[in-house]
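We use all heavy atoms of the structure for the numbers below, so side chains are in, but hydrogens, waters and symmetry mates are not.
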Amino acid sequence: MKPPGLRLRELLAPVWKIPRGKVATYGQVARAAGYPRNSRQVAWALRGAHGAIPWQRVVGAGGEIKLRGHPGMEQRLRLESEGVTFRGRRINMRLHEFQFEAPKQRRKST
DNA sequence: AGGGTGACGATCA
DNA sequence: ATGATCGCCACCC
């Protein structure tokens with residue numbers, strides 16, 4: 001009876017706010033969710049989301065695609081098809097970085 | 001308890 | 001730009 005994962009939903013909630021053509025970093029998502037030290041967990045949670053979320057819109061600091069190999073290529077293609085442009089291996093954050101508003105405050109545990 | 005692993009991020013050589 | 005190191009944190013042995 002304890003469907004865990006509730007935390008994951010909270011952690012990933014900001015991802016749903018990123019519109020097409022925009023991206024946010026793992027760190028930004030973590031902060032917007034109220035868990036500023038959990039950028040790694042955002043990545044971990046996205047993995048678990050298994051594609052049931054606009055995962056391609058979350059990238060590494062500086063607009064870098066952190067996925068390796070084929071998955072990384074897919075992310076890039078998905079983003080480009082949404083209108084996101086790159087400069088070399090990185091995304092033009094100047095143009096596509098999404099700005100979240102008022103981050104929620106939260107500590108380690110409730 | 002202890003150690004290894006990451007779709008992180010900042011810093012330094 | 002590239003690679004190493006470190007801090008961080010949840011997860012899985």
With nearest nucleotides of DNA chain C determined for A:Arg90 and A:Arg37 from heavy-atom distances, which residue corresponds to the more 5′ nucleotide?
A:Arg90
Short N/O separations, protein against nucleotides 4-8 of chain B, under 3.5 angstrom:
| residue | atom | partner | partner atom | Å |
| --- | --- | --- | --- | --- |
| B:dG6 | N9 | A:Arg40 | NH2 | 3.4 |
| B:dG6 | N7 | A:Arg40 | NH2 | 3.3 |
| B:dG6 | N2 | A:Gln41 | OE1 | 3.4 |
| B:dA7 | OP1 | A:Arg47 | NE | 2.9 |
| B:dA7 | OP1 | A:Arg47 | NH2 | 3.2 |
| B:dA7 | N3 | A:Tyr26 | OH | 2.7 |
| B:dC8 | N3 | A:Arg40 | NH1 | 3.2 |
| B:dC8 | N4 | A:Arg40 | NH1 | 2.6 |
| B:dC8 | N4 | A:Arg40 | NH2 | 3.4 |

Please give, in whole Å, the distance from C:dC9 C1' to A:Glu10 CD?
16 Å
Looking at A:Gln56, is its backbone amide N or carbonyl O close enough to the side chain of A:Arg78 to form a donor-acceptor pair, meaning the two atoms are under 3.5 Å apart?
no
Is a salt bridge present between A:Lys22 and A:Glu82, judged by a nitrogen-to-oxygen distance below 4.0 Å?
no
Is atom CZ of A:Arg37 surrounded by more than 12 heavy atoms (other residues, nucleotides or ligands) closer than 6.0 Å?
no
Over all atoms of both residues, closest heavy-atom pair of A:Ala24 and A:Val29:
CB-CG2, 4.2 Å
Does A:Arg76 make a cation-pi contact with A:Phe86, if we ask for NZ or CZ under 6.0 Å from the ring centre and within 45° of the axis?
yes
